Amino acid sequence: MAVIWCVILLGVISNIEAKPFCKFDDESSRHLECSPGDTDYVLDKGLVSDNPRTITIRLSICKISSLSNDCFEGLPRLERLDIAHNKLRTLPLGVLDKLPKLTYFNASYNRIINLPVGLFDNTQNLIQLDLTGNHLYEINPGLIKKASILYLSKNYLQGRDIHPNVFEISDVNFLLLNENDMNGAPDNMLRTLRELLFLNLDKCSLTEVPKFITTINLDTVTHLTMADNKIVAINEPIFDNLKDLEVLNLTMNLLDSLNDNLFTSLKKLKKIDLSMNRLKVITEHQFQNTPVLSDVNLSYNFITILPVNAFRASALSNLDISNNRLTYLQDNFCLELKNSGAALRDFNFSKNPWQCACLRELLREVKTMNLKYDDVNYDGSRPVCVSAGQFVCKRQVYDNQVFLDMYDLIH
Ligand SMILES: *[C@@H]1O[C@H](CO)[C@@H](O)[C@H](O)[C@H]1NC(C)=O
Ligand SMILES: *[C@@H]1O[C@H](CO)[C@@H](O)[C@H](O)[C@H]1NC(C)=O
Ligand SMILES: *[C@@H]1O[C@H](CO)[C@@H](O)[C@H](O)[C@H]1NC(C)=O
Ligand SMILES: *[C@@H]1O[C@H](CO)[C@@H](O)[C@H](O)[C@H]1NC(C)=O
């Protein structure tokens, strides 16, 4: 059967090269893979349709410019359909209606502007829907009925134009909205999601943490990432409803101030990435009473003050404070950390304008306590600290500037 199929297809291909060339990857005719023809192609009924055995169709990178609404008919067992990297501007209503088993639909990297309401009405088993990298400027409310993993990354969505009922689907676990402009999105936009675990808002041009992450139903979210935005400050304890949050990523923002109790309600928080911001001071309470918080990344900030109390009653194990403006840490920093409940193992403190006397004490401590630290930087081969006259560690904020100036001179 498969052999006959191939012969027929080969015959067709040699006459009309515009058609993609499709062949089954096995004897059982279950997995169909297509490669492009020479020119753009309108996918009609016939090329991939009408095979009761097909389970997978791969039509990615096939120069397909549009679909007829019956091109996927007669595929009662189809579970996975991949039409990524084509030239589609929309998908016709009805095109997915005869695919009752469809669980995976990948239409990423096309030129889809919008999609008709009703398109997904009959795909009741859809699990993964990937619409990444299209030109979607709106999502009609009621369009997406069911999907556990929903990729809407890299589209032209504008928060201020988004309808508050856009996500009336309760079962989404993974929602990726990164690389859209999410400023001004409705405050209650996510209120119907009951099982959200992972929310990606990277590169969304955000200037503040959006209110839509504060609705009480979001107490299921475990991962929230807002990397590479323009958030300047977080002055309210805005994460308080995210009771299950384990990983919070705020790297590459413009943060210079954080509410003192920002993380206090996050009793399941394990990792926080605050690297590449503009923080200058970490307050005494900042990470206190976060009982499972083990990874804190504060690298690439302008921190001059880092009290050991900030980590009291946390589970700190991996601390990165490299590339900051620290000239000293308080006496017995690591020991104090340990006494306050933390279990520090990895400690990266390189690339700070350390006073040599303070650095020496710190190195002695990390060695005694057997911590992993960035020892390549302290092998004596490059200047890593500054010293002014007497070799004592001066632990006063007002002494800092002298050492900062000296460090800047040699770097
Ligand atoms: C969809 O296709 C793109 C392009 O081939 C691929 O990078 C992406 O991983 C696919 N999405 C899923 C959910 O598999
Ligand atoms: C935070 O996001 C950045 C950018 O996507 C990534 O490189 C980094 O690994 C993330 N941090 C954590 C702790 O996951
Ligand atoms: C901390 O963040 C910086 C910059 O984002 C990254 O290069 C570094 O690997 C991170 N540190 C750890 C321990 O993950
Ligand atoms: C420590 O931080 C510096 C600067 O951010 C980085 O170059 C180095 O790889 C880090 N070391 C380790 C062991 O992670």
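Just so you know, ligand 1 is whichever comes first in the structure, and atom 1 is the first atom listed for that ligand. The residues of the chain are indexed from 1 along the displayed sequence. The shown structure was predicted, so the numbers you read here are calculated from the model rather than taken from an experiment.
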Practice task
Please verify whether a non-hydrogen atom of Asp320 lies at under 4.0 Å from ligand 3.
Solution key: yes

Fill in the blank from the handout: In Thr222, Leu224, Leu175, the residue satisfying side-chain contact (heavy atoms from CB on, under 4.5 Å) with Leu196 is Leu175

Note down each nitrogen or oxygen pair, ligand 1 side and protein side, whose separation is under 3.5 Å; give only atom names and the distance to 0.1 Å.
unit_1	atom_1	unit_2	atom_2	d
ligand 1	2 (O)	Asn106	OD1	3.4
ligand 1	2 (O)	Asn106	ND2	2.3
ligand 1	2 (O)	Ser108	OG	3.3
ligand 1	11 (N)	Asn106	ND2	3.0
ligand 1	11 (N)	Asp130	OD2	2.7
ligand 1	14 (O)	Tyr104	OH	2.7

Practice task
Taking the six-membered ring for Trp and the full ring for Phe, Tyr or His, determine whether the centres of Phe311 and Phe287 are under 6.0 Å apart.
Solution key: yes

Handout entry: Carboxylate-amine/guanidinium proximity below 4.0 Å for Glu168 and Arg191
Key = yes

Exercise for the section: May I ask you to check if the distance between the SG atoms of Cys62 and Cys34 is under 2.5 Å? Expected result: no

Practice task
Before accepting this row, confirm whether a basic side-chain N of the pair Asp408/Arg325 lies closer than 4.0 Å to the acidic partner's carboxylate O.
Solution key: yes

Exercise for the section: Of the side chain and backbone of Met276, name the one, both, or neither that has a heavy atom under 4.0 Å from an atom of ligand 3. Expected result: side chain

Practice task
Answer with yes or no after comparing the ring centroid distance for Tyr156 and Tyr137 against a 6.0 Å cut-off, counting only values under it.
Solution key: no

Handout entry: Numbering as shown, the atoms of ligand 3 that approach Ser299 to under 4.0 Å (heavy-atom distance)
Key = 1 (C), 2 (O), 3 (C), 4 (C)

Exercise for the section: Nearest 0.5 Å please: distance from the CG atom of Asn277 over to the CG atom of Asp256. Expected result: 9.0 Å

Exercise for the section: Kindly confirm or rule out an N or O of Asp273 lying under 3.5 angstrom from an N or O of ligand 3. Expected result: no

Problem - Ligand-residue contact atoms, ligand 3 with Asn297, heavy atoms, under 4.0 Å - result: 1 (C), 2 (O), 3 (C), 8 (C), 10 (C), 11 (N), 12 (C), 14 (O)

Exercise for the section: Decide whether an N or O pair under 3.5 Å exists between Tyr300 and ligand 3. Expected result: no

Handout entry: Under 2.5 Å between SG of Cys358 and Cys385
Key = no

Exercise for the section: Report yes if Asn318 has an N/O atom closer than 3.5 Å to an N/O atom of ligand 3; otherwise report no. Expected result: no

Completion exercise
Atoms of ligand 2 under 4.0 Å from any heavy atom of Thr251, numbered from 1 in the order shown, are 1 (C), 2 (O), 3 (C)

Problem - Glu246 bridged to Lys270 by N-O distance under 4.0 Å - result: yes

Exercise for the section: Using distance alone, determine whether Asn249 and ligand 2 share an N or O pair under 3.5 Å. Expected result: yes

Exercise for the section: Show which atoms of ligand 3 fall inside a sub-4.0 Å distance from at least one heavy-atom site of Ser275. Expected result: 2 (O), 4 (C), 5 (O)

Exercise for the section: Spell out, as yes or no, whether a donor-acceptor pair under 3.5 Å connects the side chain of Asn173 to the backbone of Ile149. Expected result: no

Practice task
Look at the aromatic rings of Trp354 and Phe349 and report parallel, tilted or perpendicular, splitting at 30° and 60°.
Solution key: perpendicular

